Amino acid sequence: MSYLNVIVHRYFCSMAEDLTIIQTTDKAAQYQSLIPQIEALITGEDDLIANLANISAALKEQFNWFWVGFYILKNDELVLGPFQGPVACTRIAKGKGVCGTAWEQAKTLIVADVDEFPGHIACSSLSKSEIVVPLFNNAEVVGVLDVDSEHLAHFDETDKTFLEQLVKLINLA
Ligand code: SME
């Protein structure tokens with residue numbers, strides 16, 4: 001890399017390089033460390049896709065979940081947005097799967113065993129549990145954050161609390 005490239009790279013990518021990943025099994029501590037960093041990462045950037053991409057990457061780095069990403073509401077369907085993990089289904093209708101149900105009910109859903117959830121959409125047979133957090137613009141659901149784990153019962157009220165706090169930082173206007 002040339003000297004100029006190094007300067008340019010450092011200037012434009014400083015925040016992403018500075019992401020601090022903590023090694024602990026304390027889930028709340030992981031969120032408390034990561035969420036302010038995500039806030040710094042997306043502050044000053046108004047491109048939604050860029051921010052959702054960085055949020056997915058930051059969450060994947062800290063938690064190493066099987067799949068983490070966003071579905072965005074377009075023409076009355078949830079359409080796959082930025083994510084980290086294996087390829088996933090691209091469109092989900094209202095009321096379908098965990099994502100479409102979280103959209104319909106406008107609330108966070110925690111699924112301890114996806115095989116027990118009627119209509120669960122299996123993008124991968126390795127996914128065992130899931131949490132889906134709606135994104136709101138005023139009172140309207142405009143997308144969801146979806147997280148999948150290859151472990152049963154991986155998500156709990158701590159994830160719900162912090163992920164709901166996190167999605168409030170996203171400017172969806
Ligand atoms: N399992 C989700 C579909 C999306 S993938 O898990 C990435 C659902 O049932 O809505």
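Bear in mind that the values here come from a model prediction, so they are computed numbers and not experimental data. Both counts, for ligands and for their atoms, begin at 1 and track the order of listing.
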Check: Under 4.0 Å from ligand 1, counting heavy atoms only, is it the side chain of D146, its backbone, both or neither?
Finding: side chain
Item checked: Salt-bridge present (E164, K168; N to O < 4.0 Å) -> no
Notebook entry, point to check: When rounded to the nearest 0.5 angstrom, what is the spacing between CD in Q62 and CD in Q23?
Noted result: 7.5 Å
Checklist line | Heavy atoms of other groups near Q165 CD, more than 12 under 6.0 Å | finding: yes
Check: Is any N or O atom of K96, backbone or side chain, closer than 3.5 Å to an N or O atom of ligand 1?
Finding: no
Next item on the list: Using a 4.0 Å heavy-atom cut-off, say whether V98 meets ligand 1 through its side chain, its backbone, both or neither.
Entry: both
Check: Considering only heavy atoms of C99, which atoms of ligand 1 have at least one such atom less than 4.0 Å away?
Finding: 8 (C), 10 (O)
Next item on the list: Kindly say whether D156 contributes a backbone atom to a donor-acceptor pair with the side chain of D159 at under 3.5 angstrom?
Entry: yes
Notebook entry, point to check: Between the side chain of S129 and the main-chain N/O of H154, is any donor-acceptor distance below 3.5 Å?
Noted result: yes
Check: If you measure from each non-hydrogen atom of F117 to ligand 1, which part falls under 4.0 Å: side chain, backbone, both or neither?
Finding: neither
Next item on the list: Can you sort out which atoms of ligand 1 are near D148, meaning under 4.0 Å from one of its heavy atoms?
Entry: 6 (O)
Note to self: Please list, in number order, the atoms of ligand 1 under 4.0 Å from a heavy atom of E130.
What the structure shows: 1 (N), 2 (C), 6 (O), 8 (C)
Check: Does any N or O atom in G100 lie less than 3.5 angstrom from one in ligand 1, N or O only?
Finding: no
Margin query: If you count heavy atoms of other groups shown closer than 6.0 angstrom to NZ of K94, is the number above 12?
Written below: yes
Margin query: With a 3.5 Å distance limit and no angle check, can you tell me whether Q37 reaches the backbone of T20 through a side-chain donor-acceptor pair?
Written below: yes
Next item on the list: Using a strict cut-off of 4.0 Å, indicate which atoms of ligand 1 neighbour a heavy atom of W67.
Entry: 7 (C)
Notebook entry, point to check: For ligand 1, is any non-hydrogen atom under 4.0 Å from C123's backbone (N, CA, C, O), its side chain (CB onward), both, or neither?
Noted result: side chain
Next item on the list: Answer side chain, backbone, both or neither: which part of Y71 comes under 4.0 Å from ligand 1, heavy atoms only.
Entry: side chain
Notebook entry, point to check: Relative to each other, are the rings of W67 and F83 parallel, tilted or perpendicular (30° and 60° limits)?
Noted result: parallel
Next item on the list: Quick one: look up the protein heavy atom nearest atom 3 (C) of ligand 1 and list residue, atom name and how far away it is.
Entry: I121 O, 3.5 Å
